[in-house]
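Everything on this sheet refers to the single structure shown next.
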Amino acid sequence: MSDETLPKAYAPAEAEKRWYEFWESNGLFAASMAPDDDRPTYTIAIPPPNVTGTLHMGHACRTTFEDVLVRYHRMTGHNALWIPGLDHAGIATQVVVERLLKAEGTTRHELGREKFIERVWAWKEKSGGRILQQLRTMGASCDWDRTAFTMDPDLAVAVRESFVRLYEEGLIYRGTRLVNWDVTTQTVLSELEVDQQEGVVGELFEFAYPVVDKDGAPVEGIAEVVVATTRPETMLGDTAVAIHPDDARYTALHGKFAKHPFVDRLVPIILDAELVDMAFGTGCVKVTPAHDPNDFATGKRHDLEEINILNLDGTLNDEGGPFAGLERFAARKAVKAKLEEIGLFRGSKKHTMTLPKSQRSGTVVEPMISTQWFVKMEPLATPAIEAVENGSVQILPQDWEKTYFHWLRNIHDWCISRQLWWGHEIPAWYCEHEHVTVSRETPTKCAECGAAPLRQDQDVLDTWFSSALWPFSTLGWPNETPDLKRFYPTQDLETGYDILFFWVARMIMMGLHFMGEVPFKRVLLAGLVTDERGEKMSKVKGNVIDPLDVIYGATLETLLEKAQFNGAKPGGLNYLKKTYKEGFSEHGTDALRMTLLSYSPQSRRIALSLKRIEGYRNFSNKLWNAARFSLMNLGDSDAVATGVAPEPTALANKWILSRLARAIETSRSGVDGYRLDEASGALYHFVWDELCDWYLELSKPLLADGADPAIKAETEQTLVHVIETTLRALHPMMPFLTEEIWQKVPRSDDLGKHRDPSKPRSIMVARYPVADIDGRVDEAVEAEFEVVRAALAGANTIRSQQGTSRAETFSALVYFTKDERAATVLEANREVVVGVGNFAELRRGADDDAVRSDPTAAFFTSGGIEFFVPGAIDLEKEKERLAREIKKIEKELGALTNKLANAKFVDNAPPEVVDKARATAAGLEEKKTQFAAALTRLG
RNA sequence: GGGUGGGUAGCUCAGCGGUAGAGCGGCGCCUUUACACGGCGCUGGUCGCAGGUUCGAUCCCUGUCCCACCCACCA
């Protein structure tokens, strides 16, 4: 150990790969299934990434957060299980594979369903494998043997079981509805895949329908009814014109009809208070049940005919009459022109609206009517609301509860069928009489009439249907497996807030329904990772950052190529060029993890900044070098870390143990309270500001060759203990670096021993530090230390002001104090102060007027003690400094004096607040006097 | 239109009733054998705006203006 010299800088890439293989090949990630293992379980089911594409920063963020929780619990005596897996992601994946086919000059239709599905599976193997590899790169300590995929046979059984049960319970039904149709890819879209593009300026086009009675004869007193639309071509599918029942202007229209100008049809004029707003437009509304959600609902209320005028490719079908065959936008123009031509055009105005566009193809989504499967949501939603109300499930940050309740209380039935090929087949079969048979096993004859053969429903299930079962389907449900018994319900579910409805709420509903128990105790919602400007990452914007590029580094050229390949627009490429002129340097996984952890979980936006990652890369190196220093200094000593705090006598040693204990406390309370930002922050500051900046500096004279052997020995012991404990505390956040160092730290054999003696020792399975065991809080020591710190900090200030090098020895440090305790502390730590401050000597000068009046003596005051460094200063600079100090004090003092002069404050504020203010004021007053005196002394 | 979150140092963000914090940046000094991916020091803020509650408000309340996101709707 002793003669091993660490390189000057930490090289993460090689170490990370090595340790990950070590952990995985030794089975250290696996949860224990031993019957005698009675440790409490801690389980997280991963939010399964889509098998499309590669992981992005959002995944990196989630993976890190979850891995910290899992590793922490593993180290605090839990049987920890993290279930990894992937989602088949229905449409997203199908679209990607279709794009590949297009590049090959073929289509899924040419290929046929079976061959196409084979192709998707091949894609899944490739893409899914890459994603799982990325998770490993991030350090995810998943139990890989349990890797699940939403299309696995086991999970298919769960899907079928739940579908059939819900059907039998009357919670799944078939109904005719409007779906979002993408005419380019010719598939339905889920709500998720529809982007609402706001602020599109369109045209509100008005035209007239001639009014007739039921026999087609003109109506006396009213010749026409004027309606408005942004989509004139849909008038071909109009099956009613609606007016408000209370609208006095149109009583003559009640019971009458509109004559369709293009197709041979009389359109009834109906009364509907729900659809019609009397104040809007003409107060007359054309109703196209087959192509508009509101009209569809209106059609249901009035039992209107639903006429679909479109083919699946977006051209007009035969219902379009003279316009049949035209593409929908061409048809729009043609209908408008024709209406003008025959004199029914009644005006047009600009109209700002929101257009639903397909996230996949960018085309305007077309509402189309079709028969779909639905889940009746209300009976499922009620218990899910209760579960959060009564605290069975806790949502963090809590603000999200409101959103959750709002959605569940206004829930719509869930359309679960999709006209795709990639997904779980719907276990429903039809006979020649269109009777439906829903069954767990493939049926041979119709359940209703016994007819055969049967044909299976061609549709597949929404990808979220299988995701909703995730927390228990991955544990073997519907079988009553030992896994299910041991690990359900899981503890925490961590994910982005964007899928609170699509996934989280549905898991709660399904978990309660099928397991009778919530699927997880806590929902942790993370913010969205955005670029440095705070804009959402998207391929088109070119601002998607691949975690691997940050970890391993990437040149600007590589970044640009990648962005271009992913379809970035020129603006996006410019952003990249401007923001990342130099590309990315190598940062390492641990640095990225620390960065992601440092953002508050409260914020909705995580505007990832490269500078911040660099800061943590530097921190990795800092920690590395602290270890390097320690190992070098431990040299031939026989100090070993034992996992128990030593009992040193030197102030610095006692102090660092006290600070260590506090850091551990904060770290623990931070993780326990899901404030990983606070936990990681506490350790960061402990390592950098206390361990490195102060303790390591102070330990140098104690470890020096000529030092007191007893002190040297206890310092070595303290040093090795503090380093080893710090590594354990940081391990959940920085797994690779900590293991790399820890394995080199001299330590006793029982540290990091696995339950299974055949497995190697690892920090992964070591005990997480406990404040009272690994450290020792000591208020008195901390107070004493402040005196030493003050003396040395003052010396630093002077050195810096005067521009003297650290190597230059000051003649002496003389101090004046009435405070005997402080004097004792300084006296006791004379060696440290002299050594670290590089003074020739330290002495008390209570009666040394010569020093006090020496104009060349640098002066500073700290903690009520005056310090002088004779002959150390540049007079002018010193004068400037003193004047500046006095000004600063006066400003602070002014505010405080005013406050204390205020009787209301003194009378009403709590006594301790007043006392504190008085003490501060007195301290400032004294300081001011000293500074003023020093200034006078300098002339 | 409804809702949610946010506006704090040049930038990115913590803090949320008792004299404003971090990282990055800027300026100055220091090539000191753990680390220049470093050390030390300094600079920098009427805590969006206007009222109110309070002895005291960045923090609580009301209003208001911006920004982001979500939901609904726009015939």
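Residue numbers begin at 1 in each chain, while the letters A, B, ... track the order of the sequences. None of these values were measured; they are calculated from a predicted model.
Ring geometry for A/F207 versus A/Y209: interplanar angle over 60°, hence perpendicular rather than tilted (30 to 60°). Relative ring orientation between A/W688 and A/Y684 is described as tilted, the plane-to-plane angle lying within the 30° to 60° band.
A search for salt bridge (Lys or Arg N to Asp or Glu O under 4.0 Å) contacts involving A/K300 returns A/E306, not counting sequence neighbours. Remark: A/V276 engages A/A242, A/H244, A/V285 in a side-chain contact (heavy atoms from CB on, under 4.5 Å) (not counting sequence neighbours). The salt bridge (Lys or Arg N to Asp or Glu O under 4.0 Å) check on A/K611 picks up A/E614, with sequence neighbours excluded. Residues forming a salt bridge (Lys or Arg N to Asp or Glu O under 4.0 Å) with A/E697 (at least two apart in sequence, or on another chain): A/K700. For A/E880, there are no salt bridge (Lys or Arg N to Asp or Glu O under 4.0 Å) partners at least two apart in sequence or on another chain.
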(message) Within the 4.0 Å limit for protein heavy atoms, which parts of nucleotides 26-38 of chain B are touched? Write it as a string from 5' to 3', B for base, S for sugar-phosphate only, - for none.
(response) --BSSSB-BB-BS

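A/D277 comes within 4.0 angstrom of a base, heavy atoms only. No engagement by A/V227 is indicated, since no non-hydrogen atom pair under 4.0 Å with the nucleic acid exists. At a threshold of 4.0 angstrom between heavy atoms, the contacts of A/T229 are confined to the sugar-phosphate backbone, with no base atom among them.
Partner assigned to B/C27 is B/G41, using Watson-Crick or G-U wobble distances below 3.5 angstrom. Nucleotide B/U58 forms no Watson-Crick or G-U wobble pair with any nucleotide shown, as no partner meets the under 3.5 Å limit on both distances. When both distances must be under 3.5 Å, the Watson-Crick or G-U wobble mate of B/G17 does not exist. For B/U12, the paired nucleotide is B/A22, the pair qualifying as Watson-Crick or G-U wobble because both relevant distances are below 3.5 Å.
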Using distance only, find each side-chain donor-acceptor pair of residues 227-235 of chain A under 3.5 Å and give its atom names and separation, not counting sequence neighbours.
residue	atom	partner	partner atom	Å
A/T229	OG1	A/R231	N	2.9
A/T229	OG1	A/R231	O	3.4
A/R231	NH1	A/H291	O	3.1
A/R231	NH2	A/E366	OE2	2.5
A/E233	OE1	A/R332	NE	2.9
A/E233	OE2	A/R332	NH2	3.0
A/T234	OG1	A/R231	O	2.7
A/T234	OG1	A/K286	NZ	2.7

Identify every side-chain donor-acceptor pair in residues 908-926 of chain A under 3.5 Å, counting partners at least two apart or on other chains, and give the distances.
residue	atom	partner	partner atom	Å
A/N908	ND2	A/K904	O	2.9
A/T920	OG1	A/K916	O	2.6

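Place A/S598 and A/K904 on RNA chain B by their nearest nucleotides, and A/S598 ends up nearer the 5' end.
Spacing of C1' atoms, B/C47 relative to B/G21, comes out at 12 Å, to the nearest Å. Taking atom C1' in both B/G45 and B/U62, one finds a spacing of 26 Å when rounded to whole Å. When the C1' atom is used for both B/C16 and B/G5, the distance is 15 Å, rounded to whole Å. Using C1' as the reference atom, B/U58 and B/U46 are 12 Å apart when rounded to the nearest Å. Nucleotides B/C40 and B/U33 place their P atoms 16 Å apart, quoted to the nearest Å. Here the separation of B/G56 from B/G18, taken at their C1' atoms, is 7 Å to the nearest Å. If you take atom C1' in B/G39 and the same atom in B/G10, they sit 25 Å apart, rounded to whole Å. Only the C1' atoms considered, B/C13 is 12 Å distant from B/G7, to the nearest whole Å.
Comparing B/G41, B/U43, B/G23 against the side chain of A/Y684 picks out B/G23 as the nearest. Closest to the side chain of A/F501, out of B/A14, B/C70, B/G18, is B/C70. Comparing B/U19, B/U12, B/G18 by their nearest atom to the side chain of A/E892 picks out B/U19.
In this entry the distance linking CZ of A/R918 with C1' of B/U19 reads 16 Å, nearest Å. Spacing between atom CG of A/L896 and atom C1' of B/A20 amounts to 14 Å, rounded to whole angstrom units.
In terms of phosphate contacts, A/R409 brings no side-chain nitrogen or oxygen within less than 4.0 Å of OP1 or OP2 of B/G3.
Contacts between residues 236-244 of chain A and RNA chain B, defined by a heavy-atom separation under 4.0 Å, are absent.
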(request) Begin from the C-alpha positions of A/M733 and A/L676 and carry the test side-chain contact (heavy atoms from CB on, under 4.5 Å) through to its verdict. (result) CA-CA 9 Å; A/M733 295 122 195; A/L676 303 189; 5.5 Å; no

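In this model, no donor atom of one side chain and acceptor atom of the other lie less than 3.5 Å apart for A/T298 and A/D272.
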